[in-house]
Amino acid sequence: MGPVRKLDVPVSDLSLIRGIWEVRVKKYRHKQKKEQERIEMSALAKIDQQWQYRIYCKALKTKELNQLHHYLERSTLIDIQPCTAEQQDQKGSDPEQKLIFQLEGDQWMDFPKDLQWMTYLKEWHVSGTKISRLPEYLALFTQLTVLEIPKNAIAELPPEIGKLTCLRELNASYNRLSRVPPELGNCENLERLELTGNHNLSQLPFELSSLKQMAHLDIAENRFTSIPICALRMSRLQLLDLSNNSLTDLPQDMDRLEQLVTLFVHKNNLTYLPHCLSNISTLKMIVVSGDELTSIPTKLCRNPEIKFIRLRDNRASAEKKKKEEEKKKKDRWRVQREEEVKKDSREKEFIEVYIGSLKDRDTVPESTTKVSISCLL
């Protein structure tokens, strides 16, 4: 056999190769994003929408087409007559002429098909329906300023909601939301956000910190255990409703909300209020639950410019709630006794101790309904 031939094999650092590919992938994704933005900004989408609208109109009957044209305020419609001054006033009071879309009733399971052509609308008012999701064409309504969708069955807000840059008010209370899309932070003109009573909602994305115009934030009746960080960065916030959640304390930097006027924190598990609240000069009203609250800044209570309201549980409702809890406990222990009476001889002693504890509870005085208000008359 001849001499063994040696081969020179180049050896490179794998991390260097990975870095090169990561840079290429990043550039490719950036190029794709730019191309998508270019397509969205181009006239192709509008041209396609216009053609789809023409195709849709071809399928309509004459009467339906006239009604649609009338709704769109087309000046070419032959049966539209010039309006007098009095008629102009009446026309201005018509909700249709204010570009408002209204939908109500549990017979609605989805949005009407015609809605996708009405991209000129400025307000949506949809409530009391069985609609579970917002339409895919929501992003086309770029002139929308008010989106009222309370008391429906909506399970999520689509990321396309971030395209509504003119949006000033969003009310999605009493739905089935468990999260809020971070894209909502792109709606920088948003002034009012209501997410009351979604129950599964426990946090807000940090991206909402960019909502610097926010003046009204209502996240009551949910599962928040602490104030969202983004809420403390809404510098123009005037009303903050955190009632009926699971808060155990308030952050020590609450005074970052320099324009806060009203604060609702009742029906939580708060035992004290931070001293930083007394540093907010604009604060005019605080509503808390007084049953478990043990520590309150003196400066806050004695400030004559602040209405400090301490709510306590109504005695009648508290007694009723207590009886219901006792009944449930008794029923539960009764069922267990019937099932285990032949196995556990110690159950009788346990029941006696339990009944004795109930008697001790009856001797504890209960607080009556009391509301203390301190304000400057």
Under 3.5 Å, which donor-acceptor pairs link side chains of residues 261-270 to any protein atom two or more places apart or in another chain?
| residue | atom | partner | partner atom | Å |
| --- | --- | --- | --- | --- |
| Asn268 | OD1 | Asn245 | N | 3.1 |
| Asn268 | OD1 | Ser246 | N | 3.3 |
| Asn268 | OD1 | Leu247 | N | 3.1 |
| Asn268 | ND2 | Leu242 | O | 3.0 |
| Asn268 | ND2 | Val265 | O | 3.0 |
| Asn268 | ND2 | His266 | O | 3.3 |

Show which side-chain atoms of residues 135-149 pair as donor or acceptor with protein atoms under 3.5 Å away, not counting sequence neighbours.
| residue | atom | partner | partner atom | Å |
| --- | --- | --- | --- | --- |
| Thr145 | OG1 | Lys122 | O | 3.0 |
| Glu148 | OE1 | Asn171 | ND2 | 3.0 |

Do any side-chain atoms of residues 201-220 form donor-acceptor pairs under 3.5 angstrom with protein atoms, and if so which ones, sequence neighbours left out?
| residue | atom | partner | partner atom | Å |
| --- | --- | --- | --- | --- |
| Ser209 | OG | Phe206 | O | 2.7 |
| Ser210 | OG | Gly185 | O | 2.7 |
| Ser210 | OG | Glu207 | O | 3.0 |
| Lys212 | NZ | Ser209 | O | 3.2 |
| Lys212 | NZ | Arg233 | O | 3.0 |
| Gln213 | OE1 | Arg236 | NH1 | 2.9 |
| His216 | ND1 | Arg192 | NH1 | 3.4 |
| Asp218 | OD1 | Thr196 | OG1 | 3.0 |
| Asp218 | OD1 | Ala220 | N | 3.1 |
| Asp218 | OD2 | Thr196 | OG1 | 3.1 |

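Here CG of Leu164 is found 13.0 Å from CZ of Arg168. Values are rounded to the nearest 0.5 Å. Residue Leu190 holds its CG atom at 11.5 Å from CG of Asn186, rounded to the nearest 0.5 Å. Separating the CD atom in Glu156 from the CZ atom in Arg176 is a distance of 13.5 Å, to the nearest 0.5 Å. Atom-to-atom distance recorded for Leu121:CG and Leu115:CG is 6.5 Å, nearest 0.5 angstrom. To the nearest 0.5 Å, atom CD of residue Gln252 and atom CG of residue Leu277 are 9.0 Å apart. With rounding to the nearest 0.5 Å, the separation of CZ in Phe101 from CD in Glu123 is 13.0 Å.
Across all their heavy atoms, Gly162 and Cys187 have their closest contact at CA-SG, 4.0 Å. Between Ala231 and Leu237, the shortest heavy-atom contact is O-CD2, 4.1 Å. When all heavy atoms are compared, the tightest approach of Pro274 to Pro297 is O-CG, 3.6 Å. Taking both residues in full, the closest heavy atoms of Leu232 and Met254 are given as CD2-SD, 3.9 Å, listed atom of the first, atom of the second, then distance. Taking both residues in full, the closest heavy atoms of Asn222 and Leu195 are given as ND2-O, 3.0 Å, listed atom of the first, atom of the second, then distance.
Contacts of Arg256 classified as salt bridge (Lys or Arg N to Asp or Glu O under 4.0 Å), with partners at least two apart in sequence or in another chain: Asp253. Residues satisfying the side-chain contact (heavy atoms from CB on, under 4.5 Å) test with Arg24, not counting sequence neighbours, are Ile20, Trp21. In this structure Asn189 satisfies the side-chain contact (heavy atoms from CB on, under 4.5 Å) test with no other residue, sequence neighbours excluded. Residues forming a side-chain contact (heavy atoms from CB on, under 4.5 Å) with Lys34 (at least two apart in sequence, or on another chain): His30, Glu37. Legend: residues meeting side-chain contact (heavy atoms from CB on, under 4.5 Å) with Lys299, ordered by chain and number and at least two apart, are Ser278. Looking at residues two or more places apart in sequence or on another chain, you find a salt bridge (Lys or Arg N to Asp or Glu O under 4.0 Å) between Lys284 and Glu305. The ring-ring contact (aromatic ring centres under 6.0 Å, His included) search around Tyr174 returns none, not counting sequence neighbours. With sequence neighbours excluded, no residue forms a salt bridge (Lys or Arg N to Asp or Glu O under 4.0 Å) with Asp106.
Using a 4.5 Å heavy-atom cutoff, the side chains of Asn303 and Phe308 are not in contact. Looking at Ile100 and Gln102, their side chains come closer than 4.5 Å, going by heavy atoms from C-beta outward. Put simply, the side chain of Thr271 does not reach to within 4.5 Å of the side chain of Leu293, judged on heavy atoms. Annotation: side chain of Ile227 is in contact with side chain of Leu250 (closest heavy-atom distance under 4.5 Å). Residues Ile161 and Pro181 meet the side-chain proximity criterion, which asks for heavy atoms closer than 4.5 Å. Annotation: side chain of Ile296 is in contact with side chain of Arg310 (closest heavy-atom distance under 4.5 Å).
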Using the side-chain contact (heavy atoms from CB on, under 4.5 Å) rule, take Leu300 and Ile286 through it: C-alpha gap first, then chi angles, then the decisive distance, then the call.
CA-CA 9 Å; Leu300 203 63; Ile286 303 178; 3.6 Å; yes

Can you list the steps and then say if Leu134 with Ile154 is a side-chain contact (heavy atoms from CB on, under 4.5 Å)?
CA-CA 7 Å; Leu134 294 175; Ile154 298 175; 4.0 Å; yes

For Leu170 and Glu194: C-alpha separation, side-chain torsions, deciding distance, then whether side-chain contact (heavy atoms from CB on, under 4.5 Å) applies.
CA-CA 6 Å; Leu170 172 59; Glu194 299 182 46; over 6 Å; no

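Checking side-chain atoms of Asn200 against main-chain N and O of Ser178 turns up no donor-acceptor pair under 3.5 Å. Between the side chain of Asn175 and the backbone N or O of Asn152 there is at least one donor-acceptor pair closer than 3.5 Å.
In this structure, Val126 is a member of the same hydrophobic cluster as Tyr120, with clusters built from ILVMFWY side-chain heavy atoms closer than 4.5 Å.
Other residues, nucleotides and ligands contribute at most 12 non-hydrogen atoms within 6.0 Å of the CD atom of Glu258.
Hydrophobic cluster membership of Val23, counting Ile, Leu, Val, Met, Phe, Trp and Tyr whose side-chain heavy atoms lie under 4.5 Å apart directly or via other members: none, as it forms a cluster of its own.
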